[in-house]
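Worksheet: the structure to be examined is printed underneath.
Proteins come first, then strands; the chains are lettered A, B, ... in the order of their sequence lines, and each starts at number 1.
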2 protein chains.
Amino acid sequence: MEIRSKIWVEVDGEPVFGRGRRFLLEAIDKYGSINQAAKEINISYRKAWSYINAMEERLGIKLVERRTGGKNGGGTVLTNEARSFLEKYKKLEDGIKEIVDRRFKKIYGQ
Amino acid sequence: MEIRSKIWVEVDGEPVFGRGRRFLLEAIDKYGSINQAAKEINISYRKAWSYINAMEERLGIKLVERRTGGKNGGGTVLTNEARSFLEKYKKLEDGIKEIVDRRFKKIYGQ
DNA sequence: TTTCGTTATGCGTTTTTGTCATAACGAAGG
DNA sequence: CCTTCGTTATGACAAAAACGCATAACGAAA
């Protein structure tokens, strides 16, 4: 028996950002490609693409700069707004899991 | 933009108990009836029934005592094990939301 | 034996989620 | 000029999960 927790951001009651999308943006930042990022975190490109579109629409922020075609087929880089948003989310999330785990051990014991 | 959080218990990687099921058990305790409880928390009886079955199977604990037929058509009461489990979960959950909200205000607020 | 409000459950429908196939793009190199 | 390559971009179908309707069974009391 284990405890799990998650936190996420909503806009108008619709989920807009959580741990999965955090990993997606971080992977895009690392690889410069939605395609590679999706492989890294084990989701389909289609899904990654849908996530990004939904996030941008709901947040009203342009998160990525996409280039299609060209050398290496193109690519995608994070905007400064995306980096800033990501940082805030990381601050929010980091440490929560530890707090929850500690409580779990204390209450359920051993 | 608002923050949301949830915690839940898993067994073998399968979710087994969370806020919704907490409310369900509490409502059963209050009304002595799965049917009334389901109405109270706005889910179908079918769903409530499925939840209970899955919980009991995965936890390996008998959570409710069901009686069918008879005066008032029967009813359902919580077992002592269920009450004990519920108490632990409430201890675990209560306060987490406040911690998360405080962080959110601090990081995103004003 | 009728009534009543439960529990119990099969099954078709709807909604959501996931996956596959394929087009478009455009810089670089031949 | 045109082929190549690894991207981005989407439609359309498939699979899975969730939903909820319809109906049976139950048994104490009147």
Side-chain angles (χ1 to χ4, degrees), chain A residues 6 8 10 12-21 23-58 61-79 82, chain B residues 4 6 8 10-21 23-58 61-79 82:
Chain A
K6 71 187 289 189
W8 69 98
E10 292 191 353
D12 300 330
E14 290 293 310
V16 118
F17 202 84
R19 190 179 292 149
R21 291 156 212 227
F23 290 156
L24 176 59
L25 289 194
E26 288 176 340
I28 289 174
D29 204 22
K30 180 176 172 189
Y31 290 107
S33 154
I34 296 174
N35 204 19
Q36 290 297 308
K39 286 201 180 79
E40 164 93 354
I41 65 175
N42 274 327
I43 64 174
S44 67
Y45 170 82
R46 190 69 171 79
K47 190 170 181 176
W49 181 85
S50 303
Y51 274 177
I52 295 170
N53 281 26
M55 280 189 281
E56 288 192 328
E57 183 179 350
R58 288 175 193 165
I61 298 176
K62 182 165 192 178
L63 294 172
V64 293
E65 197 72 49
R66 296 135 133 149
R67 282 198 337 279
T68 171
K71 183 179 183 182
N72 296 327
T76 296
V77 296
L78 296 191
T79 62
Chain B
R4 305 241 6 227
K6 69 188 289 189
W8 68 99
E10 292 191 353
V11 170
D12 300 330
E14 290 292 312
V16 118
F17 203 84
R19 191 177 294 150
R21 291 156 211 228
F23 290 157
L24 176 60
L25 290 195
E26 288 176 339
I28 290 173
D29 203 22
K30 179 176 172 189
Y31 290 106
S33 153
I34 296 174
N35 202 20
Q36 289 297 311
K39 287 202 180 79
E40 163 94 354
I41 64 175
N42 274 328
I43 63 174
S44 66
Y45 170 83
R46 190 68 173 78
K47 190 170 182 178
W49 182 85
S50 303
Y51 275 177
I52 295 170
N53 281 25
M55 280 190 280
E56 287 192 329
E57 184 179 352
R58 288 177 192 161
I61 297 175
K62 181 164 191 179
L63 294 173
V64 292
E65 198 72 50
R66 296 136 133 146
R67 283 194 340 276
T68 171
K71 183 178 182 182
N72 295 328
T76 297
V77 296
L78 297 191
T79 62

Quiz item: Are the side chains of A/T76 and A/I52 in touch, meaning some heavy atoms are under 4.5 Å apart?
Solution: no
Exercise. Check whether any side-chain N or O of A/E40 sits under 3.5 Å from a backbone N or O of A/F23 as a donor-acceptor pair, and report yes or no.
Key: no
Practice problem: Could you state the atom-to-atom distance from CG of B/N42 to P of D/dA18 in whole Å? | Solution: 19 Å
Self-check item: Closest-nucleotide ordering on DNA chain C, the 5'-leading residue of A/I43 and B/K39
Solution: B/K39
Exercise. Assign A/R46 to base, sugar-phosphate, or nothing according to its heavy-atom contacts below 4.0 angstrom with the strands shown.
Key: base
Quiz item: OH of B/Y51 versus C1' of D/dG20: gap in Å, rounded?
Solution: 14 Å
Quiz item: Between C/dC11 atom C1' and B/W49 atom CH2, what is the distance in whole Å?
Solution: 13 Å
Self-check item: Euclidean distance, atom CG of residue B/L24 to atom C1' of C/dT7 [Å, nearest integer]
Solution: 14 Å
Practice problem: Provide, to the nearest angstrom, the distance between the CD1 atom belonging to A/I52 and the C1' atom belonging to D/dT7. | Solution: 13 Å
Quiz item: Looking at the side chain of B/K47, which of D/dA25, D/dC19, D/dT8 is the nearest nucleotide?
Solution: D/dC19
Quiz item: Are any side-chain N or O atoms of A/E56 and backbone N or O atoms of A/L63, one a donor and one an acceptor, separated by less than 3.5 Å?
Solution: yes
Exercise. Hey, which sits more toward the 5' end of DNA chain D by its nearest nucleotide, A/G70 or A/N53?
Key: A/G70
Quiz item: Is there a side-chain polar atom (N or O) of B/N35 under 4.0 Å from OP1 or OP2 of C/dG5?
Solution: no
Quiz item: Given C/dC20, is OP1 or OP2 found less than 4.0 Å from the side-chain N or O atoms of A/S44?
Solution: no
Quiz item: Counting just side-chain N and O atoms, does B/K71 come under 4.0 Å of either OP1 or OP2 of D/dA29?
Solution: no
Practice problem: Using atom OH of B/Y45 as one end and atom P of C/dG5 as the other, report the distance to the nearest whole Å. | Solution: 16 Å
Quiz item: Out of curiosity, A/N72 CG to A/R67 CZ, how far, rounded to the nearest 0.5 Å?
Solution: 9.0 Å
Quiz item: Which whole-number value in Å describes the distance from B/N72 CG to D/dA30 P?
Solution: 11 Å
Quiz item: Atom CZ of B/R67 to atom C1' of D/dA29: distance rounded to whole Å?
Solution: 14 Å
Quiz prompt | Other residues, nucleotides, ligands: >12 heavy atoms within 6.0 Å of B/R58 CZ | solution = yes
